[in-house]
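Note that the coordinates shown come from a computational prediction; the quantities given were computed from them, not determined experimentally. So that the names make sense, note that chain A is the first sequence line, chain B the second, and so on, each numbered from 1.
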Amino acid sequence: MPTLSDEIRVLFEALIAAYGPRGWWPLISKSGKDGFDADGYHPGLNCQPDTGDRFEIACGAVLTQNTAWRNAERGLRRLHELGLMRPEALANADTVTIADLIRPAGFCNQKSECLSVLARFFRGLPPGAVPDRDTLLSMKGIGPETADSILLFGFGVPVFIADAYARRTFGRIGLIAADTGYKECRTFTMDGMRVDAGTYGEFHALIVENGKRHCRSKPVCDRCPLIPFCGFSRRFRFFFANRGISSRGRR
DNA sequence: CGCCAGGCAACAC
DNA sequence: GTGTTGCATGGC
């Protein structure tokens, strides 16, 4: 008897077939070096946390909150150019200076405070330690998605990032209700997957890729690789029915 | 011009 | 607990 995981696995396979490995998390400080492309992506490399990269990943996770990655990246590059992409350095910078540097990423006053707190946190983090999720959530400016992004891509903790693209995509397909919140979507997906960090990272990256190309706020369904499964779940169920697989077991 | 982008927190009820 | 609003900037 197939379960939810079969449905999610089909989506994952359709996405990986369409786009291939994405190579997240992008590291602009490594762009152009060691197999990283100009934008900092490294196809085939997912969720392989390196101590020196964790802080940049955390900063990027904050800067991209409700912001296009293009603009978050500008902030990251400016921090990197001034040698501030290290906890010890950024912890000593004042928030006004940081705010000015990350201005292109938007919400610069709130995000500069958050980056400053993050810098001090990472500076004091013992080598090999993995942050507690609740500790991350207790920091102003770090919510569930940012915490999960840091844990997954920075520390290899296997969690699913139920971001706006994931909720929108799953909602349109019909896997979850349209108004499902972060926590419920996260639980729903992890209950059905139970995979390692690399796979969760790849899935998230693929969902974002498809979200940017097709499952936008205003959907661009033409040539979307998920069309066979989409349409308020009807075609999705039909697909499984044709394969002799029941779609029961969801929820 | 208006809407959107890989959220979050503070506040109202 | 849920619903609403401000937060800033750049691309289209």
Original post:
Does the pair A:Trp24 and A:Tyr41 meet the rule for a side chain to side chain contact (heavy atoms under 4.5 Å, CB included), with working shown?
Top reply: CA-CA 6 Å; A:Trp24 272 37; A:Tyr41 294 85; 3.0 Å; yes
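At a threshold of 4.0 angstrom between heavy atoms, the contacts of A:Ile207 with the nucleic acid are absent. Note on A:Lys140: only backbone sugar-phosphate atoms sit closer than 4.0 angstrom, heavy atoms only; bases stay farther off. Among the heavy atoms of the strands lying under 4.0 Å from A:Arg168 are primed sugar atoms or P, OP1, OP2 only; no base atom is included.
Under the side-chain hydrogen bond (donor to acceptor under 3.5 Å, both in side chains) test applied with A:Tyr182, the options A:Thr187, A:Asp163, A:Asp148 reduce to a single match, A:Asp148.
If you take CD of A:Gln65 and C1' of B:dC4, they are 17 Å apart, rounded to a whole angstrom. Note: NZ (A:Lys218) to P (B:dC4) measures 10 Å, nearest angstrom. Remark: P of C:dA8 and CD1 of A:Ile98 are 15 Å apart, rounded to the nearest angstrom.
Each of C:dG10, B:dC8, C:dG11 was ranked by its minimum atom distance to the side chain of A:Arg70; first place goes to C:dG11. Out of B:dC8, C:dG10, B:dA5, the shortest distance to the side chain of A:Asn71 is found at C:dG10.
Between A:Glu13 and A:Arg9 there is no salt bridge, since no side-chain N of the basic residue sits under 4.0 Å from a carboxylate O of the acidic one. A salt bridge is defined here as a Lys NZ or Arg NE, NH1 or NH2 lying under 4.0 Å from an Asp or Glu carboxylate O, and A:Arg77 with A:Glu81 fails to meet this definition.
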Contact list (N/O, under 3.5 angstrom) for nucleotides 4-7 of chain C vs protein:
{"residue": "C:dC7", "atom": "O2", "partner": "A:Gln110", "partner atom": "NE2", "Å": "3.0"}

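Between the side chains of A:Asp196 and A:Thr199, at least one donor N or O sits under 3.5 Å from an acceptor N or O.
Using atom P as the reference point in both B:dC3 and C:dT5, the two lie 14 Å apart (nearest Å).
Judged by closest nucleotide on DNA chain B, A:Trp24 is the one of A:Met139 and A:Trp24 placed further toward the 5' end.
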